[in-house]
There are 2 protein chains.
Amino acid sequence: MERPELPLPQLHAFVVLAEELHFGHAAARLGIAQPPLSQQIRRLEDKVGHALFTRAPGRVTLTPAGSELLPAARRALTDLSDGLAAARAVGSGRAGRLRIGFAASLALTILPGLLRTFRHQFPGVHLDIHEMTTAPQIAALHDQTIDIGLLREPPTDETELVFRTVLSEPFVAVLPSTHHLAGQRAVQLSQLADSPFVLLPRMVGPPLHDQIIGLCTAAGFTPQVVQHAVEWQTVCALVETGLGVSLAPASIRRIRLKGVAFRRIEPHTARTRVAVAWRENDHNPLVTHLLATISQDSPDRT
Amino acid sequence: MERPELPLPQLHAFVVLAEELHFGHAAARLGIAQPPLSQQIRRLEDKVGHALFTRAPGRVTLTPAGSELLPAARRALTDLSDGLAAARAVGSGRAGRLRIGFAASLALTILPGLLRTFRHQFPGVHLDIHEMTTAPQIAALHDQTIDIGLLREPPTDETELVFRTVLSEPFVAVLPSTHHLAGQRAVQLSQLADSPFVLLPRMVGPPLHDQIIGLCTAAGFTPQVVQHAVEWQTVCALVETGLGVSLAPASIRRIRLKGVAFRRIEPHTARTRVAVAWRENDHNPLVTHLLATISQDSPDRT
DNA sequence: GCGCTCCATACGCCTAGAGATATCAGACCG
DNA sequence: CGGTCTGATATCTCTAGGCGTATGGAGCGC
């Protein structure tokens with residue numbers, strides 16, 4: 001790519017003159033006087049090294065060389081004008097691409113409304129939605145694979161990343177409907193001490209896992225985990241088979257399964273937080289826009 | 001098409017920096033110092049209205065807006081550079097299109113060599129070859145349908161057009177081989193007075209037609225034209241059938257037909273000229289080149 | 001902590017070129 | 001033959017911007 005030889009203003013003048021084929025009219029369209037236009041064309045011809053127009057008074061015509069240059073000049077000008085507009089649209093956040101990672105359970109709660117609101121406000125923005133658990137989201141944020149993470153129980157030791165709580169919800173006990181506690185409206189946590197547990201593996205979201213274990217510990221027992229499952233959907237399915245019980249964020253009530261009962265637990269204080277995460281140094285306006293959308297869309301509801 | 005806002009040098013700097021992602025190296029590739037490059041990018045960003053790069057020392061990256069602008073800028077630059085090269089090629093006559101009209105009879109004589117030589121010298125030039133008689137060539141030259149005409153007996157009353165003789169050749173008598181004059185090596189023109197004639201219609205080339213009639217008149221008779229044919233090829237075929245005789249430029253000897261004899265005529269002085277014609281005000285370099293090729297290729301041979 | 005790398009800032013210089021006004025020259029027309 | 005239209009020339013002004021040198025300041029590695 002060598003140094004550009006043809007100034008754009010001259011090319012612009014060239015294109016307009018090629019359309020008007022009349023120095024006076026072209027100059028008027030350019031908003032300048034006629035002599036400067038003659039100069040522009042002349043300079044351009046000097047640089048090209050050949051005449052671009054034949055001028056017989058009243059009879060301005062493109063030369064073969066001019067005809068050859070015209071489409072290239074036109075393309076270059078429209079490319080630049082379009083590219084500039086596109087860059088501005090992206091820069092101002094009216095267009096572009098935003099990559100979002102989200103925990104599967106959120107697909108049942110805040111995610112649909114959020115996406116709908118955002119798409120409505122920024123129809124030009126393409127959203128890449130990736131379902132992924134907490135730990136991969138953190139990693140993906142770090143290596144710029146996603147721009148926004150929606151996850152549970154954000155880790156506290158992350159530099160470079162910022163977290164903001166979107167939603168705080170209590171835990172519920174997940175019981176097979178045949179379970180002897182399913183008849184109660186609420187369950188004392190300690191009553192689950194003897195039931196086998198189905199949980200997510202610690203790996204997919206250590207903080208949430210630790211919090212659940214901590215709840216049980218605080219209630220005076222260590223849960224007997226007989227089975228791991230990567231998704232809450234699967235956990236519920238396993239509970240339905242009678243394999244065991246579980247503790248889960250309240251929003252998974254949306255998973256409706258015939259043989260599964262969700263029951264409030266006592267004590268009721270423990271809550272799990274859903275947070276939005278992004279890179280602290282990410283100045284992508286779309287990130288800002290999405291954060292704003294979250295604020296207005298789900299104003300810290302419980 | 002509105003006024004271009006982004007100066008090309010800045011776009012060039014932008015593209016190079018986007019490739020190098022390093023101010024120092026990019027500046028070196030541009031052949032300038034580093035501070036000016038910083039300024040260029042800064043000015044460009046000011047005009048766009050958004051940052052195009054994120055600069056952490058040692059870690060220069062394109063922003064989304066920058067990524068959006070980059071392909072447009074690259075296209076514009078290559079378009080201009082290619083377009084300029086193409087325009088220069090056309091302007092200097094190394095490329096382009098040349099439209100040539102020629103009389104059918106010339107396809108047997110000067111045309112093949114001429115085209116071969118020209119194509120060899122200017123392989124980038126596309127030649128449009130149209131077979132047409134004299135009068136249509138004149139018209140086509142006037143309304144810019146062809147750029148070069150190769151025709152017989154140029155009219156003398158044409159302004160705006162220039163003619164240069166390429167070839168001058170004598171006339172020959174075209175006789176059926178059964179004709180009683182076919183036994184002679186040469187034919188006195190007056191001996192044809194009683195034979196019916198086959199000729200081209202006057203319309204397709206008035207000067208040549210008038211010259212043939214004039215020859216007969218000078219020999220003391222008015223030819224009895226019993227049949228017209230638009231092509232010499234056809235004239236010869238008709239002569240072969242014994243329909244009549246004809247007078248034709250010597251180069252049609254190349255049309256070899258069993259039943260046709262070509263004989264030198266006396267007096268031997270009358271010659272027909274083949275000329276190249278072009279528009280006087282046509283500055284297309286290809287026209288000049290073709291004229292030069294004709295000069296060197298057929299140096300006024302008889 | 002020191003130096004190195006890398007980019008930004010701050011002047012200052014200078015040219016290209018974009019613009020205007022005034023004027024000239026050729027073609028065409030009544 | 002003069003008026004009009006069209007484009008070219010001449011001359012001047014002004015400024016945007018391209019480039020340089022000198023310097024500042026933030027990370028990063030040893």
Side-chain angles (χ1 to χ4, degrees), chain A residues 2-48 50-63 66 73 77 80 159-160 280-281 283, chain B residues 1-48 51-63 66 73 77 80 159-160 280-281 283:
Chain A
E2 65 281 344
R3 184 190 215 83
E5 306 179 53
L6 308 180
L8 279 188
Q10 290 173 17
L11 287 169
H12 185 210
F14 167 65
V15 170
V16 171
L17 180 57
E19 285 167 0
E20 298 288 337
L21 290 180
H22 186 292
F23 278 75
H25 299 167
R29 242 184 71 183
L30 290 165
I32 62 176
Q34 169 262 317
L37 175 58
S38 285
Q39 288 185 16
Q40 303 265 55
I41 301 300
R42 178 133 170 51
R43 270 197 285 268
L44 186 61
E45 288 177 326
D46 284 349
K47 292 199 175 132
V48 173
H50 303 280
L52 299 173
F53 294 95
T54 61
R55 31 283 231 194
R59 208 153 295 249
V60 177
T61 323
L62 274 172
T63 64
L77 288 176
L80 283 187
T159 174
E160 295 191 25
E280 186 172 15
N281 65 355
H283 298 120
Chain B
M1 181 109 21
E2 65 281 347
R3 185 191 216 82
E5 305 179 54
L6 308 181
L8 279 188
Q10 290 172 17
L11 287 169
H12 184 211
F14 166 64
V15 170
V16 172
L17 179 57
E19 285 167 359
E20 299 287 338
L21 290 179
H22 186 292
F23 279 74
H25 300 166
R29 242 184 73 185
L30 290 165
I32 62 176
Q34 169 263 317
L37 175 58
S38 285
Q39 288 185 15
Q40 303 265 53
I41 301 300
R42 179 133 169 51
R43 270 198 285 269
L44 187 61
E45 287 177 327
D46 284 350
K47 293 201 174 131
V48 172
L52 299 173
F53 294 96
T54 62
R55 21 303 224 185
R59 208 154 295 245
V60 177
T61 322
L62 274 173
T63 63
L77 288 176
L80 283 187
T159 172
E160 295 190 27
E280 187 171 16
N281 63 355
H283 298 118

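Scope of the values below: all heavy atoms of this structure, side chains included, with no hydrogens, waters or symmetry mates. A, B, ... follow the sequence lines: proteins, then strands. Residue 1 opens every chain.
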Whether each nucleotide of nucleotides 10-16 of chain D has a protein heavy atom under 4.0 Å at its base (B), only at its sugar-phosphate (S) or at neither (-) is summarised, 5' to 3', as -B-----
Hey, mind stepping through A:Leu17 and A:Phe53 against side chain to side chain contact (heavy atoms under 4.5 Å, CB included) and telling me if it holds? CA-CA 9 Å; A:Leu17 180 57; A:Phe53 294 95; 3.5 Å; yes
Whole angstroms only, please: what is the CG-C1' distance between A:Leu8 and C:dA16? 15 Å
Rounded distance (Å) that lies between atom P of D:dT9 and atom CD of A:Gln40: 15 Å
Side chain to side chain donor-acceptor pair (under 3.5 Å) filter on B:Thr63, not counting sequence neighbours, yields none
Sugar-phosphate, base or nothing in reach of B:Arg42, heavy atoms under 4.0 Å: sugar-phosphate
Presence of B:His22 side-chain N/O under 4.0 Å of C:dC7 phosphate oxygens OP1/OP2: yes
Are OP1 or OP2 of D:dG7 and a side-chain N or O of A:Ser38 less than 4.0 angstrom apart? no
Do B:His283 and A:Thr54 pass the side chain to side chain contact (heavy atoms under 4.5 Å, CB included) test, and can you show the C-alpha distance, the side-chain angles, and the key distance before you say yes or no? CA-CA 9 Å; B:His283 298 118; A:Thr54 61; 5.6 Å; no
Contacts of B:Gln10 that satisfy side chain to side chain donor-acceptor pair (under 3.5 Å) - sequence neighbours left out: none
Distance, rounded to the nearest Å, where A:Leu30 contributes CG and C:dG19 contributes C1': 12 Å
Under 4.0 Å: is that the gap between some side-chain N or O of B:Gln10 and OP1 or OP2 of D:dG18? yes
Using heavy atoms to find the nearest nucleotide of DNA chain C for A:Pro9 and B:Gln34 separately, return the residue whose nucleotide is more 5′. B:Gln34
Rounded to the nearest angstrom, tell me the gap between atom CZ in B:Phe14 and atom P in D:dG18. 16 Å
4.5 Å side-chain heavy-atom contact, B:Leu6 and B:Leu44: yes
Given D:dG18, C:dC7, C:dT21, identify the nucleotide with an atom nearest to the side chain of A:Pro36. C:dT21
Just by modelled atom types, is the A:Leu52 backbone N or O under 3.5 Å from a matching donor or acceptor in the A:Glu45 side chain? yes
Let me know, please, whether B:Ala33 or B:Arg43 comes out on the 5' side of the other along DNA chain D by nearest nucleotide. B:Arg43
Which nucleotide in C:dT21, D:dG18, C:dA18 has an atom nearest any side-chain atom of A:Pro7: C:dA18
Tell me every residue that passes side chain to side chain contact (heavy atoms under 4.5 Å, CB included) with A:Gln39, counting only those two or more places apart in sequence or in another chain. A:Arg43
For A:His25, ring-ring contact (aromatic ring centres under 6.0 Å, His included) partners two or more places apart: A:His22
Check the distance between D:dT9's C1' and A:Phe23's CZ and give it to me in whole angstrom. 13 Å
Is there a side chain to side chain contact (heavy atoms under 4.5 Å, CB included) between B:Phe14 and B:Leu62? Walk through the geometry before answering. CA-CA 10 Å; B:Phe14 166 64; B:Leu62 274 173; 4.0 Å; yes
Rounded off to whole Å, could you give me the CD1-to-C1' distance for the A:Ile41 and D:dG7 pair? 12 Å
Is there a side chain to side chain contact (heavy atoms under 4.5 Å, CB included) between B:Leu8 and B:Leu11? Walk through the geometry before answering. CA-CA 5 Å; B:Leu8 279 188; B:Leu11 287 169; 4.1 Å; yes
Separation of B:His12 atom NE2 from D:dC19 atom P, in whole Å? 11 Å
State, to the nearest 10°, the angle formed by the axis through the first five base pairs of the helix from C:dG1-D:dC30 to C:dG30-D:dC1 and the axis through its last five. 20°
To the nearest angstrom, the CG-P distance between A:Leu44 and C:dA16 comes to 17 Å
